[in-house]
Amino acid sequence: MTELSDRYDPQEVEPHWYRVWEERGYFHADPESPKKPYCIVIPPPNVTGSLHMGHALNNTLQDILIRWKRMDGANALWMPGTDHAGIATQNVMERQLAAEGTTKAALGRDAFVQRVWRWKEEAGGTIIRQLKRLGASCDWRRERFTMDPGLSRAVREVFVRLWEEGLIYQGDYIVNWCPRCQTVLSDLEVEREERDAEFIYIKYGPLTVGTVRPETRLGDTGLAVHPKDKRYAKHVGQTLEIASVEGTIRLPVVADTAVDPKFGTGVVKVTPGHDAADFEIGRRHKLPVRTVIGFDARMTSEAGKYAGLDRFECRKRIVEEMKTLGLIERIEPYRHAVGVCYRCRTVVEPLISKQWYLRIKPLAEPAIKAVRAGKIKITPRGWSKTYYHWMENIRDWPISRQLWWGHRIPVWYCDADKSAHASRTDLDHCPRCQGPLRQETDVLDTWFSSALWPFSTLGWPDETKELRSFYPTSCLVTGFDILFFWVARMIMMGLKFMGDVPFRDVYIHALVRDAEGQKMSKSKGNVIDPLSVMDKYGTDAFRFTLAALAAQGRDIRLAEERIEGYRNFANKLWNASRFVLTNFADYDASLAKKAAPTLPDRWIQSRLARTTSTVRRALTTYRFNDAANAVYQFLWHEFCDWYLECSKLTLYRSSDPQAKALTQKTLVEVLETTLRLLHPFMPFITEELWQRVPHKGESIMLAPYPRPKRPQLDPEAERAMDLLMAVVSAIRNIRAEMRIAPGQVVTVMIKPPASLSGRLTEQIGLIAALAKAEVICDPETQRPPQSAMALVGDVEVYLPLAGIVDLEAERQRLEKEIRKLTGEIQFVDSKLARREFREKAPSEVVEREEQRARDAKAGLAKLEASLRQLSN
RNA sequence: GGACGAUUAGCUCAGCUGGUUAGAGCGCUGGCCUCACAUGCCAGAGGUCACUGGUUCAAAUCCAGUAUCGUCCACCA
């Protein structure tokens with residue numbers, strides 16, 4: 001066996017093991033295995049993306065689950081793949097082209113798409129490599145891509161079936177248009193951003209209307225007021241002659257309940273062509289539509305003399321002209337939310353355009369029922385409410401996008417007989433009149449193919465072994481930001497095409513923020529790169545940090561100190577193993593069998609069993625933080641702090657070879673079990689150490705996940721050990737307080753109540769060793785003169801100080817210290833009392849001073865207690 | 001405008017179905033290079049559980065209200 005260094009170096013261990021696991025095929029799941037299936041489908045990252053904190057958290061949690069289930073005997077499949085991410089990818093590609101001084105228009109559609117494919121081949125491996133670096137045990141042999149042939153076939157199949165059922169239709173409606181991306185966006189793809197604007201009150205003949213978009217004045221085809229608004233009742237039904245920038249115009253006044261009489265002047269200008277609400281009002285009152293802003297965000301010919309101007313340029317111009325014409329009553333500053341494109345943050349323009357829609361209500365109803373009936377369990381529960389709310393108010397899904405990168409809509413138009421045909425296979429002539437056809441140029445929304453992911457990746461529409469075995473999948477792990485985009489749509493599509501839910505559980509995790517609670521973003525420059533974290537602290541420490549912070553329902557603030565702490569934990573594990581291994585060389589199993597377990601042996605086995613059941617319970621309920629903390633606490637503060645220290649007594653000082661052998665056996669057993677318990681969280685270090693510890697099997701990945709063994713639960717041993725530890729701590733406390741040198745052996749007298757006497761007397765040797773003391777235990781003992789005392793429950797502990805501590809000198813020292821600290825407190829207090837100090841000093845100085853005062857006060861209390869101890 | 005969540009130690013947070021003395025990590029103080037680990041060991045200090053009322057034998061925990069912060073949803077021009 002090669003020597004272990006006294007520090008754990010992740011760089012030496014990690015790359016090696018991942019290769020071994022993958023080469024030996026441990027990640028591969030066989031659909032014909034008799035084991036119980038457990039399946040997770042990965043939320044497919046953008047094929048050209050790279051790993052960020054969100055991915056790291058998401059995939060760490062999935063890997064913990066999948067490794068746990070795999071060890072626990074399940075046929076575990078983690079289905080990986082990537083998403084073509086329509087707009088996102090196309091945008092990046094367009095930027096690349098711009099850098100080369102060309103455009104996608106210059107390239108043409110086919111060349112552009114080919115170019116994206118080429119780039120996908122080059123850049124597509126990055127995120128996969130990074131996931132491997134993270135330790136993700138995906139079944140890479142099954143890796144899929146939303147635009148690969150199989151998945152594209154599934155997309156067509158779904159589209160055509162929906163078409164055949166009449167659920168897909170085409171319509172002219174007002175849509176969210178991104179003038180930068182040149183495509184329609186769904187409501188979900190529009191984000192709100194607070195912007196400062198001007199609220200402009202414009203005179204409309206006898207009326208006044210407030211607006212933030214004066215340029216849409218040109219598209220006005222009416223005015224509206226609330227039907228019950230008495231102020232304007234006389235105008236309803238009239239057509240007003242209004243002087244405006246392009247001369248006199250005529251606008252009818254209608255009454256509509258959508259108008260809020262309390263807002264602004266209570267009069268609304270109706271611009272059906274450029275506002276979703278106005279579009280509805282216009283429909284109700286049969287007002288004509290005037291489109292004055294085009295798809296390029298420039299004013300159209302309908303805008304008269306403003307034609308060709310950018311919409312914001314036009315806004316400025318029109319306000320200027322209105323001012324000179326005296327049409328503006330007043331202008332107020334106004335802060336409001338504008339809709340922006342979620343990809344490029346350009347202000348979205350509501351426009352009328354022809355798009356494809358999916359009738360969603362018939363799909364949504366079963367999806368609501370499935371969650372209500374408990375067929376899908378959403379964790380944390382609070383999210384199901386959000387889910388219901390959205391699903392119950394869902395609107396038809398606009399599924400077409402004016403992009404080139406994506407699944408081209410499988411609809412063909414015949415210009416000869418004006419028919420349209422959806423088809424699973426490409427068509428070249430009209431099935432009705434044999435005339436020539438042209439295919440729809442739009443592609444499908446990216447989320448259309450993602451919605452099929454849980455079954456398309458398993459081979460649908462073919463009836464595959466994979467589908468039979470793994471559908472419905474077990475758990476979906478994702479962030480809440482794509483609950484509507486993705487999760488809800490998978491549920492709808494799964495129920496529709498598989499007749500069953502796509503997954504039994506949905507676990508929704510938090511968002512990773514920076515240490516200040518800010519969302520990480522490139523523009524803020526507060527992004528922590530997961531890869532550099534892994535380089536610096538190791539993958540295991542990083543994964544453990546994420547798990548330990550992943551409390552339900554709360555965002556994660558990732559601070560570097562936290563990762564450092566768990567790096568130390570990995571090091572602790574490494575060194576504990578080093579200790580166990582170096583003391584195991586002369587182990588003799590036959591001797592161990594003859595020995596009776598000591599109190600520490602029984603105690604640590606009992607604690608291990610308890611920890612095991614805590615971890616299992618926590619994992620079952622997706623309480624990753626509880627699971628992580630339980631092992632952390634056990635390994636560091638029970639196994640290392642106490643059992644290892646106890647074991648040294650037997651290992652180094654016992655003359656009983658049987659006792660020594662048993663201790664060796666317990667050390668190895670507990671360590672080996674803990675490694676297995678930890679493996680899903682820290683896969684690399686646990687494999688490395690496990691291989692060096694006596695074990696059964698070829699890899700810890702395939703070893704069984706620990707189960708709590710009932711006979712090992714030993715409440716009696718836990719109680720006895722708790723008492724022992726409390727007594728030892730009490731003695732150490734006195735030693736520290738009385739400044740007794742660490743090496744100095746002292747005498748300690750313990751006076752237990754009769755009921756505990758036997759229990760303590762048995763462990764005198766251990767207490768003595770752990771507290772560096774000679775111990776006398778006697779229920780009849782009396783407190784000696786000049787001794788310090790501590791109370792542990794009913795147990796009294798005395799430590800005679802004569803001959804160990806110079807009482808008089810100590811008393812003087814204490815009194816001097818007390819005087820000094822009192823002065824310090826007064827100094828800080830007076831300083832803080834002065835307001836200018838608080839106001840002028842930097843906050844960290846104030847904090848430090850306050851800390852000093854607190855420390856001084858605490859120190860004072862302690863010293864006074866010590867002084868009292870001396871004067872008994 | 002709706003809905004949800006948060007408020008616990010100096011900081012970041014656990015605390016599940018109410019039940020001994022409210023926990024952790026970091027930070028802080030004091031002492032230790034004790035033959036696994038100074039990425040460590042031992043000891044210690046530090047909390048009116050946001051506020052107000054209620055339910056209960058018992059409330060950080062349940063209920064109502066208030067305040068502050070945050071998130072999501074929504075066509076207030």
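Within every chain, numbering begins at 1; the chains are lettered A, B, ... in the order of the sequence lines, protein sequences first and strands thereafter. Because the structure is a prediction, the values reported are computed rather than measured. Both backbone and side-chain heavy atoms feed into the values below; hydrogens, waters and symmetry mates do not.
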Problem - G47(B) and A58(B), which share atom name P, separated by this distance in whole Å - result: 27 Å
Handout entry: Residue pair K377(A) / T379(A), side-chain donor-acceptor N/O under 3.5 Å
Key = no
Handout entry: E564(A) bridged to K536(A) by N-O distance under 4.0 Å
Key = no
Exercise for the section: Looking at every strand, decide which applies to R395(A) at a 4.0 Å heavy-atom threshold: base, sugar-phosphate, or nothing. Expected result: sugar-phosphate
Problem - Under-4.0 Å salt bridge between E280(A) and R283(A) - result: no
Practice task
Examine C41(B): is either OP1 or OP2 under 4.0 Å from a nitrogen or oxygen in the side chain of W636(A)? Give yes or no.
Solution key: yes
Exercise for the section: Using a cut-off of strictly less than 4.0 Å, decide whether R562(A) has a side-chain nitrogen or oxygen near OP1 or OP2 of C26(B). Expected result: no
Exercise for the section: Report the residue (T582(A) or L188(A)) whose heavy-atom-nearest nucleotide on RNA chain B is the more 5′ of the two. Expected result: T582(A)
Exercise for the section: Quick one: label K648(A) by what it contacts on the DNA or RNA (base, sugar-phosphate, nothing), any heavy atom closer than 4.0 Å. Expected result: base
Practice task
May I ask you to say what R732(A) touches in the nucleic acid, namely base, sugar-phosphate or nothing, with a heavy-atom cut-off under 4.0 Å?
Solution key: sugar-phosphate
Practice task
Check whether any side-chain N or O of H637(A) sits under 4.0 Å from OP1 or OP2 of G25(B), and answer yes or no.
Solution key: yes
Distances for protein N/O vs nucleotides 16-22 of chain B N/O pairs under 3.5 angstrom?
none

Handout entry: Sugar-phosphate, base or nothing in reach of Y8(A), heavy atoms under 4.0 Å
Key = nothing
Problem - Salt-bridge criterion met for R213(A) and D275(A) (N-O under 4.0 Å) - result: no
Problem - Pair R311(A) + E215(A): basic N to acidic O under 4.0 Å - result: no
Handout entry: Most 5' of G382(A) and S577(A) on RNA chain B, judged by nearest nucleotide
Key = G382(A)
Completion exercise
Taking a pair to mean Watson-Crick or G-U wobble geometry with both distances below 3.5 Å, U12(B) pairs with A24(B)
Practice task
Using a heavy-atom cut-off of under 4.0 Å over every strand shown, decide if E645(A) touches base, sugar-phosphate, or nothing.
Solution key: base
Exercise for the section: Indicate whether OP1 or OP2 belonging to C4(B) is found under 4.0 Å from a side-chain N or O atom of K385(A). Expected result: yes
Problem - R735(A) vs G44(B): side-chain N/O to OP1/OP2 distance below 4.0 Å - result: no
Exercise for the section: Write down the distance separating the C1' atoms in A9(B) and C26(B), rounded off to the nearest Å. Expected result: 12 Å
Practice task
Considering only atom P, compute the distance from U52(B) to A60(B) and round it to an integer number of Å.
Solution key: 13 Å
Practice task
Using only side-chain N and O atoms of N568(A), determine if any of them is under 4.0 Å from OP1 or OP2 of C37(B).
Solution key: no
Practice task
Looking at every strand, decide which applies to N733(A) at a 4.0 Å heavy-atom threshold: base, sugar-phosphate, or nothing.
Solution key: sugar-phosphate
Exercise for the section: Using the P atom on both, measure C62(B) against C16(B) and round to a whole Å. Expected result: 8 Å
Exercise for the section: Ignoring hydrogens and angles, state whether a donor on the side chain of K269(A) or T211(A) is under 3.5 Å from an acceptor on the partner side chain. Expected result: no
Exercise for the section: Establish, yes or no, whether the cationic atom of R330(A) lies under 6.0 Å from the six-membered ring centre of Y201(A) and within 45° of the ring axis. Expected result: yes
Practice task
Please work out if D481(A) contacts a base, only the sugar-phosphate, or nothing of the nucleic acid, heavy-atom cut-off 4.0 Å.
Solution key: nothing
Exercise for the section: Provide the distance between the two C1' atoms, one in G65(B) and one in G25(B), to the nearest whole Å. Expected result: 36 Å
Practice task
Ignoring backbone atoms, establish whether Y334(A) has a side-chain N or O less than 4.0 Å from OP1 or OP2 of A77(B).
Solution key: yes
Practice task
Remember a base hit wins even if backbone is also touched, and classify S729(A) as base, sugar-phosphate or nothing at under 4.0 Å, heavy atoms.
Solution key: sugar-phosphate
Handout entry: Basic-acidic side-chain contact under 4.0 Å: D540(A), R543(A)
Key = no
